[in-house]
Amino acid sequence: MKIRIKNVDFSPKQVFFLALYYGIFIWMPDNVMGGGKIWRHMRWLCCKHVFKKCGKNVNIMRKAVFGSGRNLEIGDNSGLGVNCNIPSNTIIGRDVMMGPNCYILGRNHAFSRTDIPMVEQGFTESKP
């Protein structure tokens, strides 16, 4: 059985873990006194069931946003920093440390012509 959301198919399991992540675990603390290690592990468990690929020893910090995460790949020993925002079709390799407030865009404004305002030139093609 598949669930279709905005023309994208999800399994019920993926929908469950996305809801759990965005509804609860995204807000849980990272510091040790607030049980941060446990909450980081819970975020990883959710992402493991949603991402296309989720390596070992992956650290997902609080308030990390990754859209649906369906096509996101993250390698071993990598992490998403606090408040980072990345598109769901991002590929992150091994041993990548993403700092806080990192914002990755999946596409950009077109700007090939100087006689037309950039806002009127549309966007570049979205790439992973």
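Looking at P100 and N83, their side chains never come closer than 4.5 Å, going by heavy atoms from C-beta outward. With a 4.5 Å cut-off on side-chain heavy atoms, L80 and I86 count as touching. For the pair S88/F66, no side-chain contact is recorded, criterion being any heavy-atom separation below 4.5 Å from C-beta on. V8 is not listed as a side-chain neighbour of R4, based on a closest heavy-atom distance of 4.5 Å or more. In this structure, C84 and M61 have side chains that are not in contact, with every pair of non-hydrogen atoms separated by 4.5 Å or more. Side-chain contact between V82 and N101 is absent, with no heavy-atom pair separated by less than 4.5 Å. At a threshold of 4.5 Å between non-hydrogen side-chain atoms, the residues S78 and M97 do not count as touching. At least one side-chain heavy atom of R40 sits under 4.5 Å from a side-chain heavy atom of D30.
The heavy-atom pair separating C46 from F25 by the smallest distance is SG-CD1, 3.4 Å. Shortest non-hydrogen contact noted between P12 and M1 is CD-O, 3.3 Å. Heavy-atom minimum distance, C54 versus K48: CB-CA, 3.9 Å.
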### Task
I would like to know whether Y21 and F16 meet ring pair (Phe, Tyr, Trp, His ring centres under 6.0 Å); could you show each step before the answer?
CA-CA 9 Å; Y21 177 82; F16 172 76; over 10 Å; no
### Task
Decide side-chain contact (heavy atoms from CB on, under 4.5 Å) for F51 and I92; before the verdict, give the C-alpha distance in whole Å, the side-chain angles of both, and the deciding distance to 0.1 Å.
CA-CA 11 Å; F51 293 174; I92 299 169; over 6 Å; no
### Task
Could you go through the side-chain contact (heavy atoms from CB on, under 4.5 Å) check for M98 and I104 one step at a time?
CA-CA 11 Å; M98 189 175 297; I104 297 174; 4.0 Å; yes
### Task
Check the pair I74, V96 against side-chain contact (heavy atoms from CB on, under 4.5 Å), reporting the backbone distance first and the verdict last.
CA-CA 9 Å; I74 186 166; V96 176; over 6 Å; no
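Expressed to the nearest 0.5 Å, how far NZ of K2 lies from CG of D9 amounts to 6.5 Å. Here the straight-line distance linking atom CG of L105 with atom CZ of F123 works out to 10.0 Å at 0.5 Å rounding. Atom CD1 in I5 sits 9.5 Å away from atom CD in Q14 (nearest 0.5 Å). Separation of atoms CD1 (I91) and NZ (K53) is listed at 9.5 Å; rounding is to 0.5 Å.
Taken together through direct or relayed side-chain contacts under 4.5 Å among Ile, Leu, Val, Met, Phe, Trp and Tyr, I38 and W27 form part of one hydrophobic cluster.
The salt bridge (charged side-chain N to carboxylate O under 4.0 Å, His left out) pairs that include a residue from residues 60-78 are K52-E73, D76-R94, where partners are two or more places apart or lie in different chains. Residue pairs meeting the salt bridge (charged side-chain N to carboxylate O under 4.0 Å, His left out) criterion with at least one member in residues 114-126, sequence neighbours excluded, are R113-D115.
By the side-chain hydrogen bond (donor to acceptor under 3.5 Å, both in side chains) test, N77 is found to be paired with N57, D95, residues two or more places apart in sequence or in another chain being considered.
At most 12 heavy atoms of other shown residues, nucleotides or ligands fall within 6.0 angstrom of atom CZ in F111.
Partner of H49 under the ring pair (Phe, Tyr, Trp, His ring centres under 6.0 Å) criterion, out of F10, F17, W44: F17 alone.
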